[in-house]
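Residue numbers start at 1 and run along the sequence shown. All of these numbers come straight from a predicted model, not from anything done at the bench.
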Amino acid sequence: MKINVRLLGIEAGGKPIVVMKNETAEDLGIRSLDRVRVSYSERMTIAIVNVASNFPQNALGIYDEVRLGLGVKDGEEVDIRPAEKPESLRFLQDKIDGHRLSSSAIRAIIQDVIEHHLSDVELASFITSLGIRGLSMEEAEAFTRSMVETGEIIKWEKERIFDKHSIGGVPGDKTTLVVVPIVASAGLTIPKTSSRAITSPAGTADRVETLCPVDLNVEEIREVVSKTNGCIVWGGALDLSPADDLFINIEYPLSIDPLLLASIMSKKKAIGSNNVLIDIPLGGGAKVKTLEESQSLAMDFIELGRRLDIHVECAITSGEQPIGYAVGPALEAREALQTLSGKGARDLKEKATNLAGIILEMAGIGDGKGGADRLIRSGKAERKLREIVSAQGGDAEIKPEDIKIGNKHETV
């Protein structure tokens with residue numbers, strides 16, 4: 001079918017989407033969320049269809065992703081016809097039915113995810129099925145490797161690269177803002193990529209963004225790390241494990257995190273970390289509710305790390321209540337700064353120095369917690385955070401009270 005284009009001037013978050021009237025879709029024998037093959041000149045793209053009752057007849061509304069892919073202008077004619085469904089849909093259905101997925105099936109799913117061939121509805125059903133059915137260790141490894149291999153991988157000249165990650169779920173857990181500068185000030189290399197919120201009010205990237213930009217590219221990360229030994233950036237701004245960030249977009253509104261192992265370990269593998277500490281908060285309000293569950297998860301992280309040539313250690317920490325006295329990105333960044341200056345909440349300092357101490361000992365530095373405490377008391381850790389903030393484009397002289405909070409806040 002030949003049809004005229006209407007440019008909508010709207011982005012769809014990377015997804016190739018087109019819009020047409022009900023009757024036009026019926027003429028093509030397709031329904032909403034079916035796929036169509038759109039051709040213009042020598043270019044072609046596969047797009048997902050949205051159907052609207054009040055859209056002009058025999059017109060095709062295209063989002064910016066399709067416009068850029070085809071190079072088409074408003075009013076020009078394109079050829080449109082039904083497209084076959086992606087093969088990975090069959091594998092999604094297999095998982096919904098409770099079957100284990102092969103490595104090749106998982107690779108096909110990841111490829112279709114990063115190429116935006118799957119709709120949000122299809123991805124949501126898949127993520128939900130993973131939450132219900134779970135993943136075997138073989139599936140977790142295959143997801144991790146596929147997520148890494150379909151993105152960019154950073155290699156470093158230094159032999160040992162350290163990292164820390166909390167599985168999250170606890171409000172106020174701003175320990176990364178304290179741990180990274182402690183570790184970097186001890187002379188270790190710690191390029192930290194972080195996510196935005198998935199199941200809690202703020203992710204690490206949200207907190208750090210109140211201090212400095214976090215959407216750095218790979219070359220900018222290399223420059224920051226070469227200057228300061230560390231960085232704290234948003235993984236979503238990079239092409240490191242790109243499928244992970246697309247999965248997170250679905251997981252966030254569902255408040256579930258079934259790809260936890262693959263999500264975390266793919267980012268660590270992609271950024272070149274080979275010594276990783278995983279913080280597993282435990283408690284009634286956390287993601288992990290029981291000690292048995294936390295120990296099992298820790299063993300899974302260690303085993304997956306072994307398969308990926310990453311040395312993993314795990315810390316099971318208290319997740320019964322918020323860490324410190326602040327919840328929300330700006331307030332948490334304030335509290336982290338206060339803690340590095342020797343003030344702040346005692347439980348935040350205690351947890352952060354314990355975690356940093358484990359990493360120092362992983363590097364062969366004795367009395368890890370004592371060393372972490374001394375790096376805070378000496379002011380080295382605070383100076384290091386300010387170096388990192390400055391290198392990432394923020395104000396090195398920022399004070400806790402300079403960080404602006406929103407006009408909606410509550411003291412409990």
Side-chain angles (χ1 to χ4, degrees), residues 153-168 173-195 203-205 207-208 211-214 216 218-235 237-238 240-241 264-279 301 305 308-315 333 336-337 339-340 351-365 368-369 371-376 378 380-392 394:
I153 300 172
I154 299 180
K155 297 186 183 299
W156 304 92
E157 293 182 0
K158 292 188 177 180
E159 183 178 342
R160 301 189 74 184
I161 304 297
F162 295 85
D163 213 331
K164 169 264 177 191
H165 195 96
S166 171
I167 70 167
D173 193 3
K174 75 284 294 180
T175 51
T176 292
L177 268 168
V178 182
V179 171
V180 168
I182 292 174
V183 173
S185 66
L188 306 181
T189 302
I190 180 165
K192 178 77 176 79
T193 61
S194 303
S195 66
T204 296
R207 299 172 186 118
V208 179
L211 301 172
C212 59
V214 295
L216 278 62
V218 171
E219 289 310 310
E220 289 169 335
I221 287 174
R222 288 186 182 279
E223 185 177 350
V224 171
V225 173
S226 69
K227 290 178 179 177
T228 69
N229 289 336
C231 67
I232 314 175
V233 300
W234 176 45
L238 306 165
L240 305 176
S241 184
I264 292 172
M265 296 303 289
S266 66
K267 280 289 197 288
K268 303 311 167 195
K269 185 70 174 176
I271 204 165
S273 300
N274 49 31
N275 290 267
V276 177
L277 172 64
I278 303 294
D279 171 24
F301 270 115
L308 299 170
D309 296 320
I310 300 174
H311 173 62
V312 175
E313 293 194 18
C314 296
L337 270 180
T339 300
L340 284 169
K351 178 173 181 177
T353 52
N354 272 316
L355 295 175
I358 294 173
I359 297 176
L360 297 183
E361 291 180 2
M362 288 171 71
I365 300 173
K369 186 181 186 311
D373 276 321
R374 287 190 290 275
L375 287 166
I376 288 181
S378 68
K380 286 185 178 180
E382 182 185 1
R383 289 195 294 274
K384 180 58 67 174
L385 177 64
R386 294 185 180 280
E387 285 178 26
I388 293 171
V389 166
S390 177
Q392 290 186 202

Sole candidate of Val225, Val183, Ile182 that passes side-chain contact (heavy atoms from CB on, under 4.5 Å) when paired with Ile190: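 For Ile190, the side-chain contact (heavy atoms from CB on, under 4.5 Å) test succeeds with only one of Val225, Val183, Ile182, which is Val183.
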
Close side-chain approach of Ile161 to Ile271, heavy-atom, < 4.5 Å: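 SC-SC contact between Ile161 and Ile271 ruled out.
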
Test item: Thr193 and Pro191 side chains (from C-beta on) under 4.5 Å apart, heavy atoms: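 No, their side chains stay 4.5 Å or more apart.
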
Return the [atom1] to [atom2] distance between [X] and [Y], rounded to the nearest 0.5 Å.
X	Y	atom1	atom2	value
Ser226	Lys158	OG	NZ	9.5 Å
His165	Phe301	NE2	CZ	7.5 Å
Ile358	Asn275	CD1	CG	13.0 Å
Phe162	Leu360	CZ	CG	9.0 Å
Leu355	Ile278	CG	CD1	11.0 Å

Can you see which heavy atom on [X] is nearest to which on [Y], and at what distance?
X	Y	answer
Leu375	Ala186	CD1-CB, 3.9 Å
Asp163	Ser273	OD2-OG, 2.9 Å
Ser194	Thr204	OG-CG2, 3.3 Å
Ile388	Cys231	CG2-CA, 4.0 Å
Leu177	Ala336	CB-CB, 3.7 Å
Gly394	Pro213	N-CD, 4.0 Å

With sequence neighbours excluded, what pairs up with [X] under the side chain to side chain contact (heavy atoms under 4.5 Å, CB included) test?
X	answer
Lys227	Glu223
Cys212	Val208, Val389, Gln392
Ala391	Val224, Thr228
Arg374	Asp367, Arg377

Suppose we screen for salt bridge (charged side-chain N to carboxylate O under 4.0 Å, His left out). Which residues come up paired with [X], at least two apart in sequence or across chains?
X	value
Glu382	Arg386
Lys269	none
Lys384	Glu387
Lys174	Glu335

Taking [X] for its side chain and [Y] for its backbone only, find out whether a donor-acceptor pair lies under 3.5 Å.
X	Y	result
Lys192	Gly230	no
Arg160	Leu188	no
Asn229	Ala184	yes

Report the residues that fulfil side chain to side chain donor-acceptor pair (under 3.5 Å) with [X], sequence neighbours left out, ordered by chain and then residue number.
X	result
Asn274	none
Thr176	Lys164
Ser185	none
Glu361	none

Heavy atoms of other groups near Lys369 NZ, more than 12 under 6.0 Å: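 Counting other residues, nucleotides and ligands, NZ of Lys369 exceeds 12 neighbours.
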
Derivation and outcome, side chain to side chain contact (heavy atoms under 4.5 Å, CB included), residues Val312 and Met265: CA-CA 10 Å; Val312 175; Met265 296 303 289; 3.8 Å; yes

Sidechain N-carboxylate O distance under 4.0 Å for Asp279, Lys351: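 Between Lys351 and Asp279 there is a salt bridge, with a charged N closer than 4.0 Å to a carboxylate O.
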
